[in-house]
Amino acid sequence: MKDGKIRFTLNGRDVVYEDSPLRRLLDVLREDLGETGVKEGCGEGECGACSILLNGKLVNSCMIAMGTIHEKELMTIEGLRETEQGKCIIDAFADAGAVQCGFCIPGMVMAAQSVLQDAPRPSEEEIRKGISGNLCRCTGYDQIVQAVQMASEKGAGLW
């Protein structure tokens, strides 16, 4: 970052950012880069609607300053949905009826990806713990847990 430019990879493509290092990653993703699948819920890192993968780890993008992402790799729901793993998870969410209003779903799908990366055959307890940072105010979590279990079974070998 010697030249003041923040370079990172977003969904497999190189990005150069030249604005304030204090801006929130969430704002840059949505406003500058058009990644509108990343939602702003609480803006305090509590709801998980803005979840992305940063170097493969689930994080709340509303809590990340741009100055901290130099030379890191980011994946949003837009990038994940183009992968076989993402397609498997999204299909499982649809099949399980786990889509509800849809606001929390991008973050939930990112959390599901994180769960399956860590444990390709997760227990119900591992799934519930893995998605616990994501809030859903529609109908609860049972269908979401079922969707992650379905993705694990249908996508055996993908993770």
Response to the item:
Arg13 and Glu35 have their tightest heavy-atom pair at NH1-OE2, 3.9 Å
Worksheet item: Ignoring hydrogens and geometry, is there a side-chain-to-backbone donor-acceptor pair from Asp14 to Thr9 under 3.5 Å?
Response: no
Worksheet entry | Closest non-hydrogen atom pair, Gln143 against Ala98 | O-CB, 3.5 Å
Practice prompt. Supply the atom-to-atom distance Ile144 CD1 to Asn134 CG, rounded to the nearest 0.5 angstrom.
Written response: 8.5 Å
Discussion item. Looking only at the side chains, is there a donor atom on one of Gln113 and Gln117 sitting less than 3.5 Å from an acceptor on the other?
Written reply: yes
Item to complete: Taking the side chain as every heavy atom from C-beta outward, state whether Met150 and Asp95 have any pair of such atoms under 4.5 Å apart.
Response: yes
Discussion item. Tell me the closest heavy-atom pair linking Leu135 and Tyr141, and the distance in Å.
Written reply: CA-OH, 3.4 Å
Worksheet item: Is a side-chain N or O of Glu84 found less than 3.5 angstrom from the main chain of Leu158, in a donor-acceptor match?
Response: no
Discussion item. Is there a side-chain contact between Val38 and Leu25 in this structure, where contact means two heavy atoms from C-beta onward sitting under 4.5 Å apart?
Written reply: no
Worksheet item: So do Cys50 and Glu40 actually touch side chain to side chain, heavy atoms under 4.5 Å?
Response: no
Worksheet item: Hey, does Leu10 have a side-chain heavy atom less than 4.5 Å from the side chain of Leu29?
Response: yes
Response to the item:
On a heavy-atom basis, the closest approach of Gly41 and Cys47 is CA-SG, 3.6 Å
Worksheet item: Is Ile105 reachable from Phe103 through a run of I, L, V, M, F, W or Y residues, each pair having side-chain heavy atoms under 4.5 Å apart?
Response: no
Worksheet item: Looking only at heavy atoms, what is the nearest atom pair of Glu18 and Lys5, with distance?
Response: OE1-CE, 3.4 Å
Practice prompt. Could you grab the distance from atom CD1 of Ile69 to atom CD1 of Ile52, nearest 0.5 Å is fine?
Written response: 7.5 Å
Item to complete: Evaluate the side-chain proximity of His70 to Tyr17: yes if any heavy-atom separation is below 4.5 Å, no if none is.
Response: no
Item to complete: With side chain to side chain contact (heavy atoms under 4.5 Å, CB included) as the test, would you mind laying out the steps for Glu153 and Arg121 before giving the verdict?
Response: CA-CA 8 Å; Glu153 293 167 12; Arg121 301 290 292 179; 3.7 Å; yes
Worksheet item: If you measure only the distance, is there a donor-acceptor pair under 3.5 Å linking the side chains of Ser123 and Glu125?
Response: no
Item to complete: Starting from the C-alpha separation in whole Å, work towards a yes-or-no answer on side chain to side chain contact (heavy atoms under 4.5 Å, CB included) for Ser51 and Val59.
Response: CA-CA 5 Å; Ser51 295; Val59 298; over 6 Å; no
Discussion item. Contact between Leu53 and Ser114 at the side-chain level, heavy atoms closer than 4.5 Å - yes or no?
Written reply: yes
Worksheet entry | CG on Leu22 to CE on Met66, rounded to 0.5 Å | 11.0 Å
Fill in: Distance, nearest 0.5 Å, that separates CZ of Arg30 from NZ of Lys39
5.5 Å
Worksheet item: Would you say Asn11's side chain and Thr76's backbone share a donor-acceptor pair under 3.5 angstrom?
Response: yes
Practice prompt. Would you name the heavy atoms of Glu124 and Val145 that are closest together and state the gap between them?
Written response: CG-CG1, 3.8 Å
Worksheet item: Could you give the distance from CG (Asn60) to SG (Cys42), rounded to the nearest 0.5 Å?
Response: 7.0 Å
Practice prompt. Check whether any side-chain heavy atom of Asp91 sits under 4.5 Å from a side-chain heavy atom of Lys154, and report yes or no.
Written response: no
Worksheet item: Is there side-chain contact between Cys88 and Trp159, with heavy atoms separated by less than 4.5 Å?
Response: yes
Fill in: Inter-residue atom distance Lys87.NZ - Glu82.CD, 0.5 Å rounding
6.0 Å
